[in-house]
There are 2 protein chains.
Amino acid sequence: MAEVLVVDDDLTVREVVVSYLRAGGHDVQEAGDGEAAIRAMRAKRADLVVLDLMLPGLDGLEVCRQLRESSDVPIIMLTALGAETDRLVGLRLGADDYVTKPFSPRELALRVDSVLRRVGQRTPKGSTVTDGDLVVEPGEHTATLAGTPLVLTVREFDLLRFLVANPREVWSREALLREVWGWSFGDQSTVTVHVRRLREKVEADPRRPARLVTVWGVGYRWEPR
Amino acid sequence: MAEVLVVDDDLTVREVVVSYLRAGGHDVQEAGDGEAAIRAMRAKRADLVVLDLMLPGLDGLEVCRQLRESSDVPIIMLTALGAETDRLVGLRLGADDYVTKPFSPRELALRVDSVLRRVGQRTPKGSTVTDGDLVVEPGEHTATLAGTPLVLTVREFDLLRFLVANPREVWSREALLREVWGWSFGDQSTVTVHVRRLREKVEADPRRPARLVTVWGVGYRWEPR
DNA sequence: GCGAGTGGTCACACTCTCGTAAGGATTGGC
DNA sequence: GCCAATCCTTACGAGAGTGTGACCACTCGC
C-alpha cells in the first residue's frame with residue numbers, strides 16, 4: 001500500500017508498530033535513531049515517516065527539520081503524554097499529525113491511513129472530480145459550476161474536493177477536521193462555518209441545501225446528482 | 001457512560017476494579033474465566049473489555065483472539081509485571097492497551113477512559129443491512145424502501161438497523177433500551193413511542209404492522225420478507 | 001506599515017429531536 | 001361481556017445540534 005519508515009529507539013515499540021503496519025498492508029522500514037532515519041530516507045524515500053520525538057543522538061525535532069529540508073514526506077510524531085509544548089513545536093516544524101505515548105498501535109495504524117489518504121489527495125496530479133454540472137480540478141485548483149468558475153478559498157476548495165470525491169458517505173465534523181484540516185483536535189464549529197460558506201457558493205438555495213446536506217446529529221453528506 | 005466487561009479469575013481484583021469503574025459511571029459486567037467472557041460478549045456486546053492474561057481454561061490471549069474474530073471491541077490487557085513477551089503478543093493480537101499487575105485501580109480507570117475517548121473518535125461504520133426492498137446503509141446513514149429514501153432521525157435509524165440486523169427474534173423494550181439506546185435503565189415507553197414513529201415511516205399500513213410486529217406481553221420483532 | 005483577503009472563534013437565534021406523561025384503544029383471561 | 005394489563009396515540013417542553021453574523025488574528029503583497 002505504502003512505504004512507511006518507523007523511527008524509534010525502543011525495539012519493543014518498533015516491533016509492535018511494524019507488525020501492525022505490515023498487517024495493514026504497508027511496506028515498513030525501521031530505524032533506531034536519527035542518523036539511521038536520515039540515511040534510510042536518502043537511500044529510499046518512504047511515503048510516510050513515524051517518528052519518535054525522544055531519540056538518542058539527533059532528536060526527533062532535529063530529524064524532522066532535516067527531513068523537511070529535502071522533502072515534504074508526511075510525518076507522524078510520537079510524543080510523550082501531556083507534552084503539549086512538544087506537540088506544538090512538532091506541528092510547527094512540519095509534522096502532519098502526532099500520537100501521544102502510550103498509544104494503541106491500532107490507533108496509530110488508523111492515523112497512518114488517514115494521513116496517507118489526505119496526502120494522496122493533495123498530490124498535484126490528483127485527478128479531476130466531477131458531479132453533474134460541478135467540476136473540481138485539483139491540479140489547477142479550480143472548480144466550475146455549470147461552466148462558470150467558483151471563487152473558492154483554499155479551505156473551501158479542499159472541503160469541496162473531499163466531499164465530492166467521497167459522496168453519499170456521512171462525515172462527522174470530527175472526521176472532516178481529520179481528513180480535510182489534518183487535525184486530530186480542534187473546534188468543530190470551524191467545520192460548521194466553512195460548510196456554511198461553501199454552501200453560499202455552491203448551493204442554488206443555500207437555505208435549503210440540496211447537495212451539501214446536513215445529517216442531523218451525525219455530520220454532513222454530499223448528495224450527488 | 002460505557003458498558004465494560006471485566007474478566008479476571010480473582011474475585012478480589014474483580015471487585016475492586018468493578019467498584020472503581022462503577023464509581024466512574026460505567027456499567028460493568030463480570031466474567032470469571034474465558035468461556036464466560038465469550039458468552040457474555042455474545043449475549044451483550046460491551047464497549048470495552050478489561051482482560052486478565054492469566055485465566056483458568058481459555059487464557060487471555062486466546063480470548064483476545066476469539067473476540068477479535070467477531071468484533072473490534074477495545075481491549076485492555078492485565079499482565080504480570082515485566083512479562084515483556086506477553087505484552088508484545090497481546091498488543092499484536094489486538095489489545096489496545098495494557099496495564100501491568102500490580103496496578104492501582106485508579107490508573108486502570110484512567111486508562112479505560114482514555115481508550116474509550118480514543119476509540120470514540122473512530123467512526124465504526126457497520127455494513128449494509130437489507131431485508132427485501134428495504135436497504136439500510138450505516139456508512140451513508142440512509143435507508144431506502146423500494147428505492148425511495150426514508151427520512152429517519154438518528155434514533156429511528158439506529159432502531160431500524162438493529163431490528164433488521166436481528167430479525168425474527170423478539171426484543172423486549174428493556175433489551176432494546178440496552179442494545180439501541182445503550183441504557184441499562186430508563187422509561188420503557190420511550191421505546192414504544194419510537195417504534196410507533198418508525199412504523200409511520202416504514203410500514204405500508206402503520207395501523208396494521210407487517211414487519212415491525214408487536215409480540216404481546218413480550219416486546220417487538222422484525223418480520224423479514 | 002497598510003489594506004485586502006482568509007481563516008478560526010464566539011455568541012446568539014433558531015430548528016429539530018427525543019423523552020415523558022396522560023388518556024384512549026386493544027388484547028387476553030375469566 | 002367484563003376487567004386488568006398492555007399497548008397505541010398524541011402533545012409538549014427541555015435540551016442538544018445547527019445556522020448565522022460579527023469579530024479578531026494572521027498572512028501576503030504592495
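Below, read A as the first sequence line, B as the second, and so on, with proteins coming before strands; counting in each chain starts at 1. Scope of the values below: all heavy atoms of this structure, side chains included, with no hydrogens, waters or symmetry mates.
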Heavy atoms from C-beta onward define the side chain here; which of [options] lies closest to that of [X]?
| X | options | value |
| --- | --- | --- |
| Trp216(B) | dC10(C), dT18(D), dT6(D) | dT6(D) |
| Thr153(B) | dT9(D), dG8(C), dC18(C) | dC18(C) |
| Arg196(B) | dC10(C), dT18(D), dT9(D) | dT9(D) |
| Arg207(A) | dG19(D), dT20(D), dT9(C) | dT20(D) |

Using 4.0 Å as the upper bound for N to carboxylate O, is an ion pair formed by Asp133(A) and Arg211(A)? yes

Check this for me: does any side-chain nitrogen of one of Glu30(B) and Arg14(B) sit under 4.0 Å from a carboxylate oxygen of the other? yes

Across the strands shown, which category fits [X] at heavy-atom distances under 4.0 angstrom: base, sugar-phosphate, nothing?
| X | result |
| --- | --- |
| Val193(A) | base |
| Val215(A) | sugar-phosphate |
| Thr190(B) | base |

If you assign Val195(B) and Val218(A) each to the DNA chain D nucleotide with the nearest heavy atom, which residue ends up on the more 5' nucleotide? Val195(B)

Can you see if the side chain of [X] gets near the phosphate of [N] - specifically, an N or O under 4.0 Å from OP1 or OP2?
| X | N | answer |
| --- | --- | --- |
| Thr192(A) | dG17(D) | no |
| Arg173(B) | dT6(D) | no |
| Tyr220(A) | dG17(D) | no |

What's the [atom1]-[atom2] distance between [X] and [N], to the nearest Å?
| X | N | atom1 | atom2 | value |
| --- | --- | --- | --- | --- |
| Glu174(B) | dC7(D) | CD | P | 13 Å |
| Asp158(A) | dG7(C) | CG | P | 9 Å |
| His194(B) | dT10(D) | NE2 | C1' | 14 Å |
| Leu198(B) | dT17(C) | CG | P | 14 Å |
| Leu159(B) | dG19(C) | CG | P | 11 Å |
| Leu152(A) | dG5(C) | CG | P | 16 Å |
| Phe157(B) | dT17(C) | CZ | C1' | 16 Å |
| Trp181(A) | dG8(C) | CH2 | P | 7 Å |

Check the pair Asp52(A), Leu55(A) against side-chain contact (heavy atoms from CB on, under 4.5 Å), reporting the backbone distance first and the verdict last. CA-CA 7 Å; Asp52(A) 189 16; Leu55(A) 289 172; 4.1 Å; yes

Provide the closest heavy-atom pair for Lys201(A) versus Val151(A) in the form atom of the first, atom of the second, distance. NZ-O, 2.9 Å

Using a distance-only criterion (donor-acceptor N/O pair, under 3.5 Å, no hydrogens), is the base of dG8(C) paired with the side chain of Arg197(A)? yes

Mark yes or no for a side-chain to base donor-acceptor pair under 3.5 Å between Arg155(B) and dG19(C), with no hydrogen or angle criteria applied. no

For the rings on Trp171(B) and Phe162(B), is their centre-to-centre separation under 6.0 Å? yes

Compute the centroid of each ring, for His141(B) and then for Trp216(A), and state whether the two points are separated by less than 6.0 Å. no

